[in-house]
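Following: one structure in structure tokens, then a few remarks.
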Amino acid sequence: MSRGLRSWLRWVGYPYELAARLRLWGYTHGWFSTRRLPRPVISVGNLTVGGTGKTPVVMYLVERLTAHGKRVAILSRGYRRRSNAPQLLVSDGQQVLVGPDEAGDEPYLIARRCPQAVVAVGANRYALGQWVLGRLPVDCFLLDDGFQHVQLHRDLNLLLVDATDAAGIQAALPVGRLREPLSAAARASAILITRVDEAHGGESVRCLLLDACGSLPSLVRVGFRAEEFRRVGTGERLPLDAFRGRSAVLFSGIGNAESFRALVAGLGITVVEMLAFPDHVHYTRGMIDTIRAKAKACGADLLVTTEKDADKVAPLLVAEDACWAVRLRTEIVSGQEDLERLLRLDSARGRTGGHA
């Protein structure tokens with residue numbers, strides 16, 4: 001991108017940034033009302049568009065809260081779901097009730113991976129929380145992608161920032177990936193720097209955040225590690241070294257396709273082609289035919305996708321398709337004690353976790 005075009009796009013982004021500042025100022029100064037649910041609310045969100053790893057972090061938090069004896073409900077917008085219902089119960093904590101098209105791919109994956117959690121989707125998260133409480137016993141709520149949802153009070157405000165995306169947090173849309181100014185990180189209860197590994201320790205984004213905010217809340221460093229392969233449609237499980245030295249066509253509809261490529265390549269698989277579809281894509285038979293044709297043309301041994309995509313493509317595959325999904329686990333690299341302290345919700349209730 002030329003310097004002149006980049007400069008012009010920065011000017012285009014200023015109204016977007018100004019609108020975000022004015023909206024937050026209105027909530028902070030009481031122009032708009034903030035509503036409060038009668039259970040503690042933990043928000044997990046981004047400052048940026050695109051993937052920072054919210055879904056695996058939400059699943060990790062469900063696991064930890066359940067270990068603390070909490071019955072958790074996840075409130076999600078259900079982005080790009082096909083159901084028009086204002087409130088939809090994806091899981092009642094005992095069984096998954098709808099599929100990924102109706103629920104949205106991320107709520108469905110969370111419901112499947114966290115069978116003990118209630119999962120519900122709806123645009124108005126306050127109304128959704130009240131609706132859930134009228135039907136099921138809940139101890140606390142996890143607000144998925146809630147950092148900008150300031151109309152709902154949260155007791156903990158967890159902000160995710162990608163360690164590999166220092167460039168993306170230096171400018172607002174459309175030049176960078178910021179939804180609101182970087183200084184908005186100051187209203188977080190804790191900042192989780194994700195995708196931390198040997199190459200990206202998170203120091204560059206920490207310095208950018210510190211420059212923008214002056215001081216920072218608790219920092220937690222998070223890594224996502226491959227756990228195993230699962231065959232799409234059958235659930236067959238294989239260890240991570242099963243395909244070392246083999247070739248693959250990758251396909252995904254996620255916010256950070258390059259991180260997925262790096263993860264698969266790190267497992268010793270030769271990536272001969274990668275098809276990166278838009279985040280939350282709805283797959284069609286034609287798209288699967290294209291993926292198959294790519295694999296045949298490249299002489300690839302297998303197809304590899306993400307766990308989020310696997311549920312959506314499973315009905316479109318045939319028995320001969322050697323399609324495998326990488327299952328991930330979340331690891332806390334540093335800051336475990338701080339995070340555990342914040343998750344003790346009995347003492348957290350009443351803390352604002354920043355503005356709104």
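Source: prediction; values computed, not measured.
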side-chain contact (heavy atoms from CB on, under 4.5 Å) between L339 and Y60, worked out: CA-CA 11 Å; L339 184 58; Y60 175 84; 4.0 Å; yes

Candidate pair D145 and R125, rule salt bridge (Lys or Arg N to Asp or Glu O under 4.0 Å), full reasoning: CA-CA 11 Å; D145 195 15; R125 256 69 72 86; over 6 Å; no

When rounded to the nearest 0.5 angstrom, what is the spacing between [atom1] in [X] and [atom2] in [Y]?
X: T284; Y: L316; atom1: OG1; atom2: CG; answer: 7.5 Å
X: I74; Y: E106; atom1: CD1; atom2: CD; answer: 12.5 Å
X: T66; Y: R64; atom1: OG1; atom2: CZ; answer: 9.5 Å
X: L240; Y: I269; atom1: CG; atom2: CD1; answer: 9.0 Å
X: L47; Y: I169; atom1: CG; atom2: CD1; answer: 8.0 Å
X: R327; Y: T306; atom1: CZ; atom2: OG1; answer: 13.0 Å

Would you check if [X] and [Y] make a side-chain contact, meaning some heavy-atom pair closer than 4.5 Å?
X: W324; Y: V232; result: no
X: I291; Y: V313; result: no
X: R135; Y: Q87; result: no
X: F147; Y: R187; result: yes
X: C140; Y: L65; result: yes
X: F224; Y: T330; result: yes
X: R195; Y: D165; result: no
X: V49; Y: D279; result: no

With a 6.0 Å cut-off (strictly less than), is the heavy-atom count around [atom1] of [X], excluding the residue itself, greater than 12?
X: E340; atom1: CD; answer: yes
X: E236; atom1: CD; answer: yes
X: D211; atom1: CG; answer: yes

Cluster companions of Y108 among Ile, Leu, Val, Met, Phe, Trp, Tyr (side-chain spacing under 4.5 Å):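 Members other than Y108 - counting any ILVMFWY side chain reachable under 4.5 Å - are V96.
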
Evaluation steps, salt bridge (Lys or Arg N to Asp or Glu O under 4.0 Å), between R329 and E63: CA-CA 11 Å; R329 70 176 184 273; E63 177 185 310; over 6 Å; no

From T52, N256, T194, residue fulfilling side chain to side chain donor-acceptor pair (under 3.5 Å) relative to D162: N256

Has the side chain of [X] got a donor or acceptor atom that lies under 3.5 Å from a matching backbone atom of [Y]?
X: D105; Y: P100; value: no
X: R179; Y: T48; value: yes
X: R154; Y: H149; value: yes
X: S43; Y: N157; value: no
X: K294; Y: A300; value: no
X: R39; Y: V138; value: yes
X: D309; Y: G253; value: yes

Of all pairs that satisfy ring pair (Phe, Tyr, Trp, His ring centres under 6.0 Å), the ones with a partner from residues 78-97, not counting sequence neighbours: Y79-H280

Salt bridge present between E227 and R225 (N-O < 4.0 angstrom): no

Check ion pair R292-D321 (N to O, under 4.0 angstrom):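 Yes, charged N to carboxylate O under 4.0 Å.
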
Nearest heavy-atom pair of [X] and [Y]: which atoms, and what distance?
X: T305; Y: C323; result: CG2-SG, 4.3 Å
X: V304; Y: V264; result: CG1-CG2, 4.1 Å
X: I332; Y: V222; result: CD1-CG2, 4.0 Å
X: L156; Y: L342; result: CD1-O, 2.8 Å
X: S189; Y: D155; result: OG-O, 4.4 Å
X: I254; Y: K308; result: CG2-CE, 3.8 Å

Stepwise side-chain contact (heavy atoms from CB on, under 4.5 Å) test for V41 and Y126: CA-CA 10 Å; V41 173; Y126 174 77; over 6 Å; no

Single-linkage hydrophobic cluster, 4.5 Å side-chain cutoff, L75 and W131 together: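 Yes.
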
ILVMFWY cluster, L263 and V57 together (side-chain gap under 4.5 Å): yes

